[in-house]
Structure formats: structure tokens, C-alpha cells
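So the structure is just underneath, and the comments pick up after that.
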Amino acid sequence: MEPKILMILFVTTLALSPVSPSTTVTQQNTYSTFVKTSCSSATYPAACVKSLLPYAATVKTNPYKLVTVALSATLKSANATLSTVTQLSKTKRVTKWEAAVLKDCIGDIKGSMDEIKRSVKEIDGIFVSADKRFAISNAQTWTSAAITDENSCLDGFSDGQINPSVKKMIRNSIVNLATVSSNALYLINHLSV
């Protein structure tokens, strides 16, 4: 086929397509605006937008999907934090005291992850739940408990016996985790039934 005919076929196909490029851009803008608006009053708005905006096309304008994505981001952050703390606990440069504190922290992070998974389960099951308010309340409780566990990890590092570089590395990881967890809780708290 000649290039001219190929071009005509391409333009015709594009014109007959059910979703025009401008509609896709408009929809994407709508989805992005939804995420930005939802995050605007979150505990940490900039972190909320940064972690959730890449999923705007998946979320669309569904607040329940947004919460599920926020909880998934929390699990991802918890997994990264767990990896950091676990790796640190296995290094030779930590003292026995630090190793014990790190071990407790690992337990706290695993507990947090279990609680976030329970929150995901509550939100995912909300449409088959007889009592949506109860499911949302459960998700709030589990996510709050996760944040408490994350903070418990930091409590172990308040002792002056911890190496400052180890303390800083753990603190940064936990603060990141607590930030996304707090934003997820904010979004759960603003779900309507």
C-alpha cells in the first residue's frame, strides 16, 4: 500500500475510535483532579498526591478505589521498611542492644502490615457487606492500630544507646511509612456510605 492510503486508513480509524485522544486527556485530567482534591486536606497532602497520582487512571473518581490504592501504597512502604530494618538487624555493626530493639521493631512492622491487610479486606468487601459503616469503622480501627505499631517501633529508638546513624535510617523509614499510613487513614475517615 502507498503511504498516502495508509495515512488515510490511520486517520479514519482514529476518527471512528470510541475514545478520542481529547476525551482521554479530559478523563485523565478529571481523574488527576479527583486525586489532588481528595489529598488536599490529608495529613500530608504532598506525600498523598505523590504516592497516589500515578494511579489516577485506575482510581478514576472512586473514593473506595482510592482508599484501596492508598492502603496498597502503605503495604509497599511497610515492606520496604521491613526490608531496611531486617537488613540492619543482620549487620555486624549493630550491638546486642540495637539488635534487640530492631527485632522488636520488625515485630511492630509485621503487626502493622497485618493490620493494613485487614483494612484492605474490609474496604474490598464493603460492597457485599450488610453494614458498610461497620466495615469502614473496622478499616479505621485496623489502620489506626497499624500507625500505633509503627510509632511503637520508633519508641524503642528513643534510648541514647542506639547508634545515631542506625537511629536515623530507621526513623526515616518509619516516618515515610507513618506518613502514607496517616494519609490512608484520612481517606478512610472521609468515605461516605
Side-chain angles (χ1 to χ4, degrees), residues 31 34-56 58-86 89 100-159 167 169-193:
Y31 303 154
F34 173 73
V35 170
K36 290 174 185 175
T37 302
S38 298
C39 288
S40 67
S41 296
T43 314
Y44 305 97
C48 183
V49 170
K50 182 179 178 184
S51 66
L52 302 179
L53 194 56
Y55 305 99
T58 301
V59 168
K60 297 187 180 357
T61 58
N62 185 323
Y64 294 97
K65 284 184 182 179
L66 184 63
V67 166
T68 300
V69 169
L71 290 168
S72 295
T74 302
L75 278 175
K76 184 178 177 182
S77 179
N79 207 21
T81 301
L82 180 62
S83 178
T84 298
V85 175
T86 301
S89 73
V101 171
L102 289 168
K103 182 179 177 185
D104 287 345
C105 186
I106 288 169
D108 292 332
I109 296 167
K110 286 181 178 179
S112 174
M113 291 173 78
D114 288 342
E115 291 148 354
I116 294 299
K117 288 175 186 173
R118 288 178 180 214
S119 291
V120 170
K121 186 176 178 182
E122 290 290 341
I123 297 300
D124 285 348
I126 210 155
F127 296 107
V128 294
S129 174
D131 189 348
K132 290 176 180 37
R133 288 185 207 281
F134 184 67
I136 291 171
S137 176
N138 286 342
Q140 290 168 324
T141 300
W142 289 122
T143 306
S144 293
I147 293 168
T148 300
D149 280 345
E150 295 156 13
N151 287 321
S152 292
C153 174
L154 281 181
D155 290 344
F157 290 90
S158 60
D159 192 339
K167 187 176 183 176
M169 193 178 302
I170 300 301
R171 187 182 187 302
N172 288 344
S173 277
I174 293 294
V175 166
N176 271 347
L177 174 55
T179 297
V180 291
S181 298
S182 295
N183 285 336
L185 180 59
Y186 168 84
L187 293 170
I188 294 167
N189 288 342
H190 289 84
L191 286 175
S192 56
V193 180

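Residue indices begin at 1 and follow the sequence shown.
- Using a distance-only test at 3.5 Å, with no hydrogens or angles considered, a donor-acceptor pair links the side chain of Glu115 to the main chain of Ala146.
- Inter-residue side-chain proximity for Tyr44 and Cys39 is flagged as unmet; no heavy-atom pair is nearer than 4.5 Å.
- Judged purely by atom type and a 3.5 angstrom limit, Asn151 uses its side chain to pair as donor or acceptor with the backbone of Ile147.
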Give the table of side-chain donor-acceptor pairs shorter than 3.5 Å for residues 62-70, with sequence neighbours excluded, one pair per line with atom names and distance.
unit_1 : atom_1 : unit_2 : atom_2 : d
Asn62  : OD1    : Tyr64  : N      : 2.8
Asn62  : OD1    : Lys65  : N      : 3.1
Tyr64  : OH     : Ser192 : O      : 2.5
Thr68  : OG1    : Tyr64  : O      : 3.0

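- Residue Trp142 holds its CH2 atom at 10.5 Å from NZ of Lys121, rounded to the nearest 0.5 Å.
- Contact between Gly111 and Asp149 at its shortest, heavy atoms only, is C-OD2, 3.5 Å.
- Closest of all the heavy-atom pairs between Glu150 and Ser181 is OE2-OG, 2.8 Å.
- When every heavy atom of Ser89 is checked against every heavy atom of Ile106, the shortest pair comes out as OG-CD1, 3.9 Å.
- Put simply, the side chain of Ser40 gets close to the backbone of Thr37: a donor and an acceptor are under 3.5 Å apart.
- Thr143 pairs by the side chain to side chain donor-acceptor pair (under 3.5 Å) definition with Ser119, not counting sequence neighbours.
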For the pair Asp104 and Cys153, evaluate side chain to side chain contact (heavy atoms under 4.5 Å, CB included) and give the outcome as yes or no after the intermediate values.
CA-CA 7 Å; Asp104 287 345; Cys153 174; over 6 Å; no
Could you go through Leu53 and Lys36, starting from their C-alpha distance and side-chain angles, then the distance that decides it, and tell me whether this counts as side chain to side chain contact (heavy atoms under 4.5 Å, CB included)?
CA-CA 7 Å; Leu53 194 56; Lys36 290 174 185 175; 3.9 Å; yes
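- Atom OG1 of Thr81 is separated from atom CG of Leu177 by 4.5 Å, given to the nearest 0.5 angstrom.
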Criterion side chain to side chain contact (heavy atoms under 4.5 Å, CB included) on Leu191 and Leu187, from CA distance to verdict:
CA-CA 7 Å; Leu191 286 175; Leu187 293 170; over 6 Å; no
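- Scanning all heavy atoms of the two residues, the minimum distance from Asp108 to Ser152 falls at OD2-C, 3.4 Å.
- Distance OG1/Thr141 to CD1/Ile188: 10.0 Å, rounded to 0.5 Å.
- Lys132 NZ: more than 12 foreign heavy atoms inside a 6.0 Å radius.
- Leu185 CG to Ser144 OG: the interatomic distance, rounded to the nearest 0.5 Å, is 4.5 Å.
- Residues Cys48 and Asn183 approach most closely at N-ND2, 3.4 Å, considering heavy atoms.
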